[in-house]
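Note that the structure is a prediction, hence the values are computed from the model and not measured. Nothing fancy with the numbering, it's 1 onward along the sequence.
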Amino acid sequence: LGGVVDPPLCRLVPLAEYLDEEERKAAAQEQRARERKLREYSFDPAMKVKGMRFTAMIDEHDLERKVNQVRDFLEKGHRVEARILQGRCPPEDVLDLGLRIIAEVRDIAKPEFFEESVRELR
């Protein structure tokens, strides 16, 4: 074999340089996979989940204002997660408030996971 062969039969590289090159390749591959996943599973901006917290001892005016906000979110196409904080109130008050919120937005939305939430409450 001659000393000048194209391509070379082997290449001598310092270990640190080789490890850096392998790290760069792995990082680039990971970045491409992350970007691919992001494109594949990206959500429509109109489908964001908005949250609204209610307390069981909420005043009438505050409830109306928050329910109107929930209606606005739903009309814009967002999903809404309503959380009702029980505090020191009995579970019946929490259930009544949940049913009232559902009744207020029934014409534009349908509740999900309500039965499971009621089971957890009891």
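- With Arg71 contributing its side chain and Glu104 its backbone, the two residues share a donor-acceptor pair below 3.5 Å.
- Taking all atoms of both residues into account, the shortest heavy-atom contact from Ala56 to Val94 is CB-CG2, 3.9 Å.
- Residues Leu85 and Phe54 are not in side-chain contact: their nearest non-hydrogen atoms beyond the backbone lie 4.5 Å or more apart.
- Met57 and Ile84 are not part of a single hydrophobic cluster, where members link through side-chain heavy atoms under 4.5 Å apart.
- More than 12 heavy-atom neighbours from other residues, nucleotides or ligands sit within 6.0 angstrom of CZ on Phe114.
- Applying the side chain to side chain donor-acceptor pair (under 3.5 Å) definition to pairs two or more places apart or across chains, those involving residues 20-30 are Glu30-Arg34.
- Hydrophobic clustering keeps Phe113 apart from Val118 (ILVMFWY residues linked when any side-chain heavy atoms are closer than 4.5 Å, directly or through intermediates).
- A distance of 5.0 Å separates CG in Leu63 from CD1 in Ile58, rounded to the nearest 0.5 Å.
- Proximity of Ile101 to Val70: side-chain heavy atoms (C-beta onward) are nowhere separated by under 4.5 Å.
- For the pair His78/Val49, no side-chain contact is recorded, criterion being any heavy-atom separation below 4.5 Å from C-beta on.
- For residues 83-96, the set of pairs meeting the salt bridge (charged side-chain N to carboxylate O under 4.0 Å, His left out) definition, not counting sequence neighbours, comprises Glu81-Arg83.
- For the pair Phe73 and Met52, the minimum side-chain heavy-atom distance is below 4.5 Å.
- Residue pairs meeting the salt bridge (charged side-chain N to carboxylate O under 4.0 Å, His left out) criterion with at least one partner in residues 50-68, sequence neighbours excluded, are Glu60-Arg100.
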